[in-house]
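FYI, the numbering just counts along the sequence from 1.
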Amino acid sequence: MNRFQIRRGLVSRTLGGVSNKLADSVNKSAKDVPKKQHKYSKTVLLPQTEFQVYLNGKKRIEKDEYLTKKCGFSELYEWQRKNLSGPDYILHDGPPYANGVPHMGHAINKILKDITLRHMVMNGKRVHYVPGWDCHGLPVELKAIHNNAQDPLEIRRKARTYAKEAVDKQKQAFQSWGITADWSESGCYFTNQPAYMKNELRQFIKLYEKGIIFRDFMPVYWSPSSRTALAESELEYNEQHQSKAVIIRLRIDNVPEKLGFFKDRAVYAIIWTTTPWSLIANQAIGFATDATYCAAEDNGGNLNIVAEELLKQIELKIGSLKPIAHFKGEELGGSMYIHPFTQEKCPFLAARHVTTNVGTGLVHIAPAHGPEDFVVAVENNISIFSLVDTEGRYTKAAGPEFHGLNVMTEGAEKVMNFVAQDILHAETITHSYPYDWRTKEPILIRASNQWFIDINFIREKVIESVDHVNIYPKCNRIPFTNALLAGIKNRPYWCISRQRSWGTPIPVLYSKTTGKLFTNKEIVERLCDSIDRYGSDCWWEYSEKELIGSDAIERLNIAADDVEKGKDILDIWFDSGISWSAVVPKGKANLYLEGYDQFGGWFQSSLITSVALQNCAPYSELLVHGFAVDKNGLKMSKSIGNVVNPEELLLGGSNLEKNPVYGVDVLRWWVANHGSQHTKVPVSKDLLDGCKQCIYKIRLILRFLLGVLHPYQRNMNCEPQYRIIDKYMLYSLFCYNEQMQQHYNNFEYHHAGKTSMHFITNDVSALYCTLIKDRLYCDELTSPTRLAAVQVVREIFNVLVRSIAPIVPHLAEEAYIHYPENDASVPLFCTEYKVPETWNNPGIVKYVDAAFKLRNNLLKTTDKNTWKLHGVIEATKKDFPSLSILYDEVQPSSSELCEILQLSSVTLIENDTIRESQIQVHEIQEAICQRCRRYPETQDGLCMRCADVLVKDKSMFVTG
């Protein structure tokens with residue numbers, strides 16, 4: 001048994017080893033060591049530190065809480081604001097809903113933001129980050145009205161209370177994850193704050209005066225279950241929705257001239273619709289001018305007009321149709337048909353949205369219930385009427401037999417029964433249909449008076465502004481850009497009004513008699529003053545006169561008793577989309593970081609409002625992350641039972657074997673390594689256990705590095721004497737730092753995690769730390785070469801701990817507390833450290849490459865303790881110069897070549913005839929030193945080196 005094995009056995013018990021494989025081999029070897037050979041164990045300079053490798057269960061929880069307080073996590077944001085210089089790096093926080101408990105999606109979002117900010121702070125850059133919450137809107141209001149509250153003030157009071165409770169819970173969770181921010185009330189923003197609401201009102205009137213905001217009677221997505229208009233981003237599509245689809249005939253009153261000779265026969269227009277309830281609101285039939293239509297005779301002798309391309313498909317459903325005549329769609333212009341309910345004559349109209357891909361080629365036009373239908377009506381000066389109320393029921397105008405019926409259920413059945421004689425085919429189809437994302441009930445399209453932002457006004461400028469935005473991950477730039485612009489290119493308007501109580505009021509007065517609206521800067525400023533005076537509920541609590549003032553109302557040329565306040569509030573996407581103007585200095589952030597669903601939400605609403613008000617995007621960069629899913633890729637849902645609570649990861653579940661305490665380091669490591677590169681972010685025990693193993697390996701190497709830095713003696717004035725392997729390690733450290741900085745700068749946090757683990761496992765643990773142990777443990781304390789190794793270890797620790805600090809700040813701070821040179825326990829994030837450019841020495845690689853190749857070959861061919869071996873190296877002409885620099889002919893046993901190859905001695909020979917350098921080894925015959933287990937002993941079981949060390953450092957050692 002040799003000295004190296006004894007020493008490694010001691011190390012594994014003291015440190016837990018540097019790697020599992022190494023620790024296993026060490027423990028195995030140590031069992032066979034006779035006790036008498038341990039007589040010099042106390043003279044070996046073994047690593048010493050109180051930094052622990054294992055922290056499980058309750059100890060892990062307590063340590064996380066201790067570090068949060070001890071290392072000033074709550075003070076870091078304020079500290080960097082005061083002590084670091086600008087310009088600020090601004091990360092604008094997309095406000096989560098003040099609704100529900102914190103979930104894994106919150107963890108992904110907030111931790112990715114925190115990694116970004118901590119990286120900036122570690123590099124000496126001051127950051128600006130104000131956490132926010134979206135407190136208004138339907139999600140919160142629905143929680144407030146579970147007891148059917150109707151009074152707006154009661155709803156607002158309960159909604160405010162609920163939002164406050166939700167914010168407190170989320171804020172507490174975010175802090176437990178180590179998120180850097182000023183978490184005081186004044187350090188955060190809330191969309192229901194009076195100051196925030198006032199800014200929003202002022203931005204509204206600016207847009208109104210620019211003509212970008214307007215009010216009109218137009219079809220919008222309407223949720224009967226929520227009784228409000230919805231935005232596209234507030235919809236979710238049910239792929240299994242079932243609808244009744246019918247093919248119905250409508251009697252033509254005057255046929256086209258080409259069909260004039262059939263005027264004595266019945267002629268019908270055949271249409272197909274999946275919303276038969278809307279037939280009662282029909283106002284026209286649309287056709288495609290360039291399509292070819294035919295008049296086809298059915299078995300009853302009637303003529304039916306359909307698109308020629310679709311004739312065969314229609315026959316399969318309604319029976320034989322014999323074409324009699326063919327004509328272009330444009331010839332249908334001027335034709336009239338009989339409305340199936342009112343018996344009035346209605347027009348055929350050319351419509352660009354009509355195609356011959358599906359249906360019959362003729363489209364039922366109900367302008368109040370379809371955006372394309374609405375455009376057709378506007379283009380043809382047709383007055384639009386809606387027969388559906390806010391609850392999705394027919395109004396009185398629909399007729400007494402339909403009044404009050406739900407249009408999507410009994411109303412639809414009633415309509416179909418009414419026109420049953422003209423329905424040629426009916427079927428139930430399963431298709432994708434929009435639902436209210438909160439109530440999970442189907443929506444409909446319904447015309448009503450709403451407020452809109454005119455996208456047409458700014459579309460080109462918005463599209464142009466995106467060219468100047470960098471989108472990450474870079475590999476997804478094109479699809480993500482398309483996703484961001486899809487809503488801009490495809491919609492003419494954005495409906496920003498909602499018919500609810502919990503929100504910011506639209507600051508408009510109306511004439512009770514004429515319906516004329518009044519709003520201007522003066523009204524808005526008077527309302528802002530009232531908010532200061534009466535609070536944010538004043539719009540619902542006080543009269544028009546009290547809010548705006550009699551003088552301002554008089555200037556509107558409207559009688560005081562004829563004025564009334566509007567009842568609409570602003571869409572929550574406008575609420576949050578305008579946040580850049582309230583929170584971000586100069587209206588431009590460096591980064592927005594949210595999930596990919598925000599391309600149709602906050603990314604887009606922020607972009608629209610910013611371009612409309614300041615002619616540029618509010619962000620320079622977008623970082624997009626995915627959604628948390630279970631191990632099978634399924635969305636997390638309480639009903640499925642696959643929800644993972646981040647608090648459970650930190651504190652453990654009721655069954656600790658199934659749901660152990662992982663701690664905040666594992667949670668953050670999981671986010672960094674899985675949260676930013678895919679649209680689906682899996683959460684599974686296997687992944688979490690893998691992250692836990694990574695943290696364990698990091699702790700192992702940190703413990704070793706800290707142990708090596710144990711100050712056996714302070715104030716040593718010796719100059720380090722760096723070996724080539726030391727310089728090589730410093731160069732590797734320089735390259736590692738550069739690579740990590742690049743990963744962080746490109747938001748490639750998963751690559752940062754992989755790179756750090758590869759560096760720790762290979763460059764640090766398996767290579768350098770293994771090679772220098774003899775120097776560290778057995779050389780004289782003040783040996784210049786030992787001091788060099790210690791200094792390199794010091795640099796490894798400083799670079800390594802800072803490189804992982806943005807991802808796992810708790811672990812980094814814990815290690816830095818145990819750093820021997822941190823006597824004052826200064827938090828790591830408050831320290832400054834720069835990697836010297838002098839380490840950048842790529843030329844050093846050529847000196848060690850040949851030796852590394854020999855070492856790899858040696859490790860492959862022997863499983864013996866290499867310190868018992870002597871090596872004979874035959875070097876090629878190419879390798880010989882490099883190997884010679886590592887070789888000492890006078891003292892070959894103490895040369896660097898021995899250290900790299902871990903051999904007791906070597907002989908180096910040049911051989912011009914071989915293609916590849918070779919090494920042959922054999923066991924040395926002499927007994928080896930009982931202390932270092934490396935060199936042959938010369939006297940009393942000790943080699944000359946160890947005997948000399950014991951004499952010089954006898955004051956430190958007690959032998960025997």
Side-chain angles (χ1 to χ4, degrees), residues 95 98 130-137 140-141 144 151-164 167-168 182 184-209 213 451 496-498 500-510 517-556 558 560 563-572 574-587 609 613:
V130 181
W133 274 271
D134 205 344
C135 299
H136 284 150
V140 177
E141 185 170 344
D151 177 62
L153 287 172
E154 182 185 359
I155 291 173
R156 289 180 64 81
R157 178 178 58 80
K158 291 184 175 181
R160 184 179 297 106
T161 300
Y162 175 82
K164 177 67 167 59
V167 166
D168 290 343
D182 176 0
S184 66
E185 288 293 307
S186 60
C188 304
Y189 79 93
F190 309 90
T191 58
N192 67 326
Q193 281 176 329
Y196 189 96
M197 292 173 65
K198 290 191 299 177
N199 172 72
E200 187 176 357
L201 293 169
R202 288 171 175 138
Q203 304 305 331
F204 170 89
I205 200 63
K206 287 179 186 178
L207 290 169
Y208 178 78
E209 291 181 342
I213 284 182
W451 289 87
I496 61 168
S497 51
R498 297 293 182 268
R500 305 300 302 185
S501 301
W502 179 233
T504 299
I506 294 182
V508 179
L509 302 176
Y510 296 93
L517 68 87
F518 302 90
T519 188
N520 55 39
K521 256 183 191 174
E522 183 181 16
I523 289 175
V524 167
E525 289 304 322
R526 291 291 183 93
L527 176 55
C528 289
D529 290 341
S530 293
I531 290 174
D532 286 335
R533 189 162 54 249
Y534 303 126
S536 58
D537 292 341
C538 63
W539 186 258
W540 291 267
E541 190 172 0
Y542 292 89
S543 68
E544 295 80 2
K545 180 180 177 181
E546 291 170 308
L547 290 170
I548 308 302
S550 301
D551 57 332
I553 293 175
E554 283 181 16
R555 283 191 284 275
L556 299 175
I558 182 173
V563 70
E564 65 177 351
K565 297 171 290 186
K567 297 180 180 179
D568 294 340
I569 63 170
L570 286 162
D571 173 20
I572 52 173
F574 187 87
D575 263 15
S576 60
I578 208 74
S579 61
W580 56 266
S581 65
V583 181
V584 178
K586 298 182 180 179
T609 56
L613 286 164

Could you check if a side-chain atom of Trp540 sits within less than 4.5 angstrom of a side-chain atom of Ile155, using non-hydrogen atoms only? no

Trp580 side chain reached by Leu613 side chain, heavy atoms, under 4.5 Å: yes

Between the NZ atom in Lys567 and the CD1 atom in Ile506, the distance rounded to the nearest 0.5 Å is 14.0 Å

All salt bridge (Lys or Arg N to Asp or Glu O under 4.0 Å) counterparts of Lys164, not counting sequence neighbours: Asp168

Which heavy atom in Asp551 sits nearest to a heavy atom in Arg526, and how many Å separate them? OD2-NH2, 2.7 Å

Decide yes or no for Trp451 and Leu517: does some side-chain heavy atom of the first lie under 4.5 Å from some side-chain heavy atom of the second? yes

Compare all side-chain heavy atoms of Cys135 with those of Gln193 and state whether any distance is below 4.5 angstrom. no

Whether Thr609 side chain and Gly577 backbone form a donor-acceptor pair below 3.5 Å: yes

For the CG atom of Asp571 and the CZ atom of Arg500, what is their distance to the nearest 0.5 Å? 13.0 Å

Electrostatic pair Asp537-Arg157, nearest N-O below 4.0 angstrom: no

For the residue pair Tyr542 and Tyr534, categorise the inter-ring angle as parallel (less than 30°), tilted (30 to 60°) or perpendicular (more than 60°). parallel

For residues Leu509 and Lys565, determine if any side-chain heavy atom of one lies less than 4.5 Å from a side-chain heavy atom of the other. yes

Do the non-hydrogen side-chain atoms of Asn192 and Ser536 ever get within less than 4.5 Å of each other? no

Please report the interatomic distance CG(Leu527) to CG(Asp532), rounded to the nearest 0.5 Å. 10.0 Å

Determine whether Pro152 and Trp539 make a side-chain contact, defined as any pair of heavy atoms from C-beta on separated by less than 4.5 Å. no

Donor-acceptor pair between Ser581 and Asn199 side chains, under 3.5 angstrom: yes

May I ask you to test the Asp575-Thr504 pair for a side-chain heavy-atom distance under 4.5 Å? yes

Between the side chains of Arg202 and Glu525, is the shortest nitrogen-to-carboxylate-oxygen separation below 4.0 Å, so that they form an ion pair? yes

Residue pair Ile531 / Cys538: nearest heavy atoms and the distance that separates them: CG1-SG, 3.8 Å

Aromatic plane relationship, Trp133 with Phe190 - under 30° parallel, 30 to 60° tilted, over 60° perpendicular: parallel

Given the options Leu556, Val508, Ile553, Ile523 meets side-chain contact (heavy atoms from CB on, under 4.5 Å) only with Leu556

Correct closest heavy-atom pair for Ser501 and Arg156 would be O-NH1, 2.9 Å

For Cys528 and Leu201, which heavy atoms make the closest approach, and how far apart are they? SG-CD1, 4.3 Å

Mind running side chain to side chain contact (heavy atoms under 4.5 Å, CB included) on Leu570 and Ile578 for me, showing each step along the way? CA-CA 11 Å; Leu570 286 162; Ile578 208 74; over 6 Å; no

Taken in chain and number order and not counting sequence neighbours, the residues that satisfy ring-ring contact (aromatic ring centres under 6.0 Å, His included) with Trp502 are His136

Smallest heavy-atom separation, Lys521 atom then Ile205 atom, equals N-CG1, 3.8 Å

How far apart are the closest heavy atoms of Tyr189 and Tyr196, and which atoms are they? CD1-CE1, 3.7 Å

